[in-house]
Asks: 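Below are the structure tokens for one structure; questions will follow.
Worth knowing before you read on, the calculation uses all heavy atoms, side chains too, and leaves out hydrogens, waters and symmetry mates. All values derive from a computational prediction rather than experimental measurement. Lettering follows sequence order; numbering is per chain, from 1.
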Amino acid sequence: MSRYVAAEIEAKWQNAWAGAESFKAVRDESKPKYYVLEMFPYPSGKLHMGHVRNYTMGDVVARYKISTGHNVLHPMGFDAFGMPAENAAMASGGHPKDWTYSNIDTMVDQMKPLGLSLDWSRMFATCDPEYYGQQQALFLDMLDSDLVYRKNAVVNWDPVDMTVLANEQVENGRGWRSGALVERRELTQWFFKISDMSEELLSALDTLENWPAKVRLMQENWIGKSRGLQFSFERTDGAEPITVYTTRPDTLMGASFVGISPDHPIAKALEADNPEVADFIAECRKGGTTEEAIETGEKLGLDTGIRVKHPLNPDWELPVWIANFILMDYGTGAIFACPAHDQRDLDFCRKYDLPVVDTFLALDDPKPVENEAFVPPKTEKVKWLNHFAGLDVATGEEAIAATIGKAESEGWGTGVTKYRLRDWGLSRQRYWGCPIPVVHCEKCGVVPEKKENLPIELPYDEGGKPIDFSVPGNPLDRHPTWRDCACPSCGAPAQRETDTMDTFVDSSWYFARFTAPRATTPTDMAEAEYWMNVDQYIGGIEHAILHLLYSRFFARAMHITGHLPAKSKEPFDALFTQGMVTHAIFQTTGDNGRPVYHYPADVEDRDGKTVLKTTGEAVEVIPSAKMSKSKNNVVDPVDIITSYGADTARWFVLSDSPPERDVEWTASGAEAAYKHLNRVWNLCDKIGAMDPDAKGQGDEDLLREMHKAIRDVTLGVESFGFNASIAKLYAFTNVLAKSKAGAAAQKQAIMTLAQLMSPMTPHLAEDIWAHQGGEGLIINAPWPVADEAMLVEANVTLPIQINGKRRGEISVPADMTKEEVEKLVLAHEAVTRALDGAQPKKLIVVPGRIVNVVI
RNA sequence: GCCCGCGUGGUGGAAUGGUAGACACAGGGGACUUAAAAUCCCUAGGCCGAGAGGCCGUGCCGGUUCGAGUCCGGCCGCGGGUACCA
């Protein structure tokens with residue numbers, strides 16, 4: 001008997017696929033195409049189990065589609081710009097470029113043994129000048145089409161390191177290196193006009209039927225369409241009125257104050273000559289720029305002394321406050337506060353002793369607001385107090401509509417639609433990104449670079465010496481020569497833009513580039529026309545909003561600029577979001593009270609308790625934590641492949657959890673997967689050794705089970721139920737192992753089993769196929785089809801419930817009529833006993849499923 | 001804070017509103033073996049019962065339904081996102 005040696009067969013079949021160019025994607029109009037794409041990785045330098053799971057899922061889809069006659073495009077690349085490369089250079093010297101390319105080499109070496117059906121000839125990294133040069137060309141076309149512009153925007157500023165910080169570099173309001181309190185600072189930056197497409201990006205979500213509903217919902221909320229009223233408050237000092245936008249104009253009679261953003265023009269004007277306001281605004285500028293920091297931070301306000309008139313009652317004056325939670329980016333940067341029906345406004349008013357006026361009360365419990373704002377759903381009827389549009393009992397929705405109508409007819413306000421979605425700021429004050437291809441000329445201003453000068457490459461050195469990344473800030477900004485250039489327009493000495501692009505730009509069009517990765521234009525329309533759209537996109541739920549929304553915007557922009565066909569405005573036909581790979585954390589408490597994390601290899605179970613191998617100290621086990629280097633709970637796929645083989649790793653990451661959920665990596669689970677593959681191997685060996693003419697019993701039973709397996713496994717693969725497919729494969733393997741059927745039936749069964757396993761464990765499948773004398777490669781064999789006639793069941797088991805509780809069962813022919821079933825049920829012993837001569841109140845027969853007797 | 005998910009045996013999980021716990025791991029028992037490993041067989045939610053069987057049970061509280069893990073409302077806990085992490 002032979003032994004299952006994964007390393008041997010895996011290398012053998014990977015060579016066979018390479019030799020046959022099985023995965024090289026070539027445009028072929030005679031075949032239906034299928035483009036499957038997994039979100040490409042950041043080259044961190046180490047492949048982790050999450051990658052293995054992600055790519056294995058894509059591989060299952062790709063191989064299945066090849067078997068069903070599709071011309072498959074399954075490419076891979078690297079999202080290679082970004083901060084970790086610069087951080088590494090800062091921490092340990094070296095160059096971001098060297099670090100990145102060396103990591104890419106390592107990761108490719110780690111990925112290849114997985115046996116993925118990738119067309120490696122299409123590989124690229126976004127930091128290849130060949131790629132980012134085309135991205136610069138795209139940028140110029142977008143500039144030309146008025147999709148890009150410049151404006152001021154705030155960044156996190158570290159006043160000690162004198163550098164811009166990313167949000168993740170701000171820890172509790174302080175810079176991660178300097179520890180200095182971070183400030184908000186304004187810079188002139190580049191923006192994509194994504195907000196112009198708000199309505200289009202929102203309404204097109206309805207067409208994305210094969211996207212998870214939760215992703216569409218998240219994007220809908222993110223775009224945040226709202227209908228409200230825009231109107232102005234007259235100032236008592238006669239100065240320019242203050243325009244506000246509100247989604248709850250119905251609560252205008254409960255207005256307590258008018259609030260403006262610290263970045264509002266009025267606030268800025270006061271800042272210049274009022275030291276108290278200047279101090280307050282300086283205070284507001286402390287802290288980070290994130291929505292979370294602003295929303296959870298302490299709410300601060302300052303009375304400006306300005307007074308405005310209530311639009312419905314000129315005798316009613318309201319104070320104008322500057323409040324740190326009002327965003328200049330949303331609406332008009334000014335609001336009116338109605339504390340009775342907004343918790344944040346209420347907290348603010350209680351803190352600063354401002355009035356709280358109820359505008360409506362609950363019908364069932366009409367008591368005034370104290371310290372909890374009354375915020376019922378807008379669809380709930382409430383009792384209005386003194387409503388200016390004459391309402392008494394009405395819902396919020398009705399009141400809003402009536403208010404907008406009244407304001408418009410009286411001419412003091414306008415109903416407007418607004419979106420929460422802001423324009424996409426793409427400027428980054430960093431080195432390791434795609435340079436923005438524009439030039440600043442004293443005479444001509446901002447001038448686009450000429451396309452023939454692209455790519456504008458990043459400089460590797462500065463003045464013949466390696467760039468010093470230990471100095472904070474942007475090396476491009478202080479580079480002695482790189483900035484200097486001739487103005488593309490007038491030829492005078494000018495300076496390059498030193499901002500680089502947000503790395504989300506890189507990942508917003510790579511899927512299009514894969515269709516023609518070496519083209520000398522961003523895309524090749526003939527190739528894009530054939531290969532687009534991505535039929536199945538697979539990646540993490542963490543990208544539900546930004547990456548996917550930006551890609552949807554970019555696809556539209558690329559259509560406008562002539563780089564993608566109209567059909568690609570929505571580039572991803574189907575989306576699947578997979579869960580993470582998790583692993584238990586083993587922790588003890590150190591002398592200083594801080595947790596100490598232990599590697600899985602350093603702990604063991606003794607008498608049902610988890611302890612340290614060395615000392616026997618009890619270890620706390622935290623299950624299902626995201627794998628993280630700092631928690632010492634990372635399992636290296638390379639180790640798994642070395643000990644068990646790629647097929648085992650692939651089988652395991654698919655087997656235990658539904659793909660959309662997290663999967664817990666356990667050593668015993670991997671061991672079990674390996675054992676099972678051995679079992680299949682041995683089964684193949686045993687069947688191969690049978691006398692080909694040997695007869696047996698139960699041929700038909702075996703083949704019926706085989707056809708059921710074909711049906712169930714296929715359904716699982718098509719619906720991303722890989723764990724269900726694998727459960728069925730386990731069950732069918734058990735049936736086959738116990739079968740006494742003849743040699744011919746068993747051989748047919750094992751070959752079909754190999755085919756059904758081939759998307760998950762392709763190497764083992766090829767080997768079984770070859771061993772059983774299958775023709776050619778299994779990857780080229782057509783997918784098996786279930787024979788409907790073999791799937792029909794003659795009898796069904798119907799559980800009998802009495803008042804919803806299972807009390808017995810009957811077995812009946814599948815086609816038995818309802819009436820006959822009822823008769824049998826009423827005669828059933830459990831039913832007669834429960835009825836005790838009485839008539840049932842109700843008898844429910846669900847054909848083929850269940851019977852319920854209500855007594 | 002806000003938006004979106006998730007929560008089922010000792011463990012990972014299965015279950016178009018229709019027999020809760022498929023399939024697997026760990027466990028227990030057994031076969032084979034001088035022994036061990038490997039392999040194979042049986043068992044297995046909890047409680048009560050000799051058994052037949054009964055009661056309880058899908059994070060918590062309530063609702064809809066002949067019937068709820070599944071649908072609805074309210075909580076609790078965990079995870080993702082929150083526009084410069086990718």
Asks: Using a strict threshold of under 4.0 Å (side-chain N to carboxylate O), is an ion pair present between A:Arg428 and A:Asp502?
Replies: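 Yes.
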Asks: When you get a sec, tell me which of B:C66, B:A83, B:C40 is the closest nucleotide to the side chain of A:Leu546?
Replies: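 Output: B:A83.
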Asks: Using a cut-off of 4.0 Å on non-hydrogen atoms, how would the nucleic acid contact of A:Trp424 be classed: base, sugar-phosphate, or nothing?
Replies: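 Contact class for A:Trp424: none.
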Asks: Given that A:Lys728 and A:Val853 both sit by RNA chain B, which one's nearest nucleotide is further toward the 5' end?
Replies: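 The 5'-side residue here is A:Lys728.
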Asks: Select one nucleotide: of B:C85, B:U19, B:U39, the one nearest the side-chain heavy atoms of A:Ala166.
Replies: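 Comparing B:C85, B:U19, B:U39 against the side chain of A:Ala166, the answer is B:C85.
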Asks: Indicate, with a heavy-atom threshold strictly under 4.0 Å, whether A:Leu217 touches base, sugar-phosphate, or nothing.
Replies: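 If one applies the 4.0 Å heavy-atom cut-off, A:Leu217 turns out to touch the sugar-phosphate alone, with no base involved.
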Asks: One thing to verify: whether A:Glu829 and A:Arg833 come together as a salt bridge, which I'm taking to mean a side-chain N less than 4.0 angstrom from a carboxylate O.
Replies: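 Looking at A:Arg833 and A:Glu829, the cut-off is met.
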Asks: Counting the atoms with a prime plus P, OP1 and OP2 as sugar-phosphate, which does A:Gln219 contact under 4.0 Å by heavy atoms, base, sugar-phosphate, or nothing?
Replies: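 It contacts nothing in the nucleic acid.
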Asks: Under 3.5 Å, is there an N or O donor on one side and an acceptor on the other linking the side chain of A:Asn221 and the base of B:C3?
Replies: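 There is none.
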Asks: Any sub-3.5 Å donor-acceptor pair from A:Asn324's side-chain atoms to A:Glu298's backbone N or O?
Replies: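 It does hold such a pair.
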Asks: Going by modelled atom types, is there a donor-acceptor pair between the base of B:G1 and the side chain of A:Gln343 at under 3.5 Å?
Replies: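 No, no donor-acceptor pair under 3.5 Å.
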Asks: How is A:Val854 classified with respect to the nucleic acid when contacts are heavy atoms under 4.0 Å: base, sugar-phosphate, or nothing?
Replies: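 Sugar-phosphate: the residue A:Val854, judged by heavy atoms under 4.0 Å, touches backbone atoms but no base.
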Asks: Nearest to the A:Arg679 side chain among B:C40, B:C85, B:G18, which nucleotide is it?
Replies: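 Comparing B:C40, B:C85, B:G18 against the side chain of A:Arg679, the answer is B:C40.
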Asks: Considering only side-chain heavy atoms of A:Glu542, which listed nucleotide, B:C85, B:A20, B:G80, is closest?
Replies: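 So the nucleotide nearest the side chain must be B:G80.
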Asks: Check for me whether the distance between the ring centres of A:Phe192 and A:Tyr550 falls short of 6.0 Å.
Replies: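 When the ring centroids of A:Phe192 and A:Tyr550 are compared, they turn out to be at least 6.0 Å apart.
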Asks: Among B:A86, B:U39, B:G1, which is the nearest nucleotide to the side chain of A:Asp79?
Replies: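 In terms of side-chain proximity for A:Asp79, the closest of B:A86, B:U39, B:G1 is B:A86.
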Asks: Given 3.5 Å as the limit, does a donor-acceptor pair link the side chain of A:Gln219 with the main chain of A:Ala544, or not?
Replies: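 Yes.
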Asks: Between B:U39, B:A86, B:C25, spot the one nearest the side chain of A:Ala672, thanks.
Replies: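 My answer, after comparing the listed nucleotides, is B:C25.
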Asks: Less than 4.0 Å between a side-chain N and a carboxylate O, is that true for A:Lys708 and A:Glu705?
Replies: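 Looking at A:Lys708 together with A:Glu705, the answer is yes, because their closest N to O distance falls below 4.0 Å.
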Asks: Choose from B:C85, B:A83, B:U19 the nucleotide whose nearest atom is closest to any side-chain atom of A:Met83.
Replies: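 Within the option list, the nearest is B:C85.
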Asks: Among B:A24, B:C56, B:A20, which nucleotide has an atom closest to any side-chain atom of A:Lys805?
Replies: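 Among B:A24, B:C56, B:A20, the one nearest the side chain of A:Lys805 is B:C56.
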Asks: Counting only side-chain heavy atoms from C-beta out, which of B:C4, B:G18, B:U19 sits nearest to A:Thr797?
Replies: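 Closest nucleotide among those given: B:U19.
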Asks: Between A:Tyr537 and A:Phe511, is the gap from one ring center to the other below 6.0 Å?
Replies: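 Ring centres of A:Phe511 and A:Tyr537 not closer than 6.0 Å.
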Asks: Please work out if A:Phe504 contacts a base, only the sugar-phosphate, or nothing of the nucleic acid, heavy-atom cut-off 4.0 Å.
Replies: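 The answer is base, as A:Phe504 lies within the cut-off (heavy atoms under 4.0 Å) of a base atom.
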Asks: With a non-hydrogen cut-off below 4.0 angstrom, is A:Ser655 in contact with a base, only sugar-phosphate, or nothing?
Replies: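 A:Ser655: no heavy atom of the nucleic acid under 4.0 Å.
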Asks: What is the separation between atom CD1 on A:Ile294 and atom P on B:A83, rounded to the nearest whole Å?
Replies: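 Value for this atom pair: 8 Å.
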Asks: According to a strict under-4.0 Å criterion, is A:Asn734 in side-chain N/O contact with OP1 or OP2 of B:A24?
Replies: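 Checking B:A24 against A:Asn734, a side-chain N or O does come within under 4.0 Å of OP1 or OP2.
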Asks: According to a strict under-4.0 Å criterion, is A:Asn723 in side-chain N/O contact with OP1 or OP2 of B:A14?
Replies: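 Yes.
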Asks: Let's see if you can work this out: which of B:A86, B:C4, B:A83 has an atom nearest to the side-chain heavy atoms of A:Leu421?
Replies: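 That would be B:A83.
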Asks: Just the table, please: protein N/O against nucleotides 41-47 of chain B N/O, every pair under 3.5 Å.
Replies:
none

Asks: Are A:Lys151 and A:Phe191 in a cation-pi contact, defined as NZ or CZ under 6.0 Å from the six-membered ring centre and within 45° of the axis?
Replies: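 Here A:Lys151 passes the 6.0 Å and 45° test against A:Phe191.
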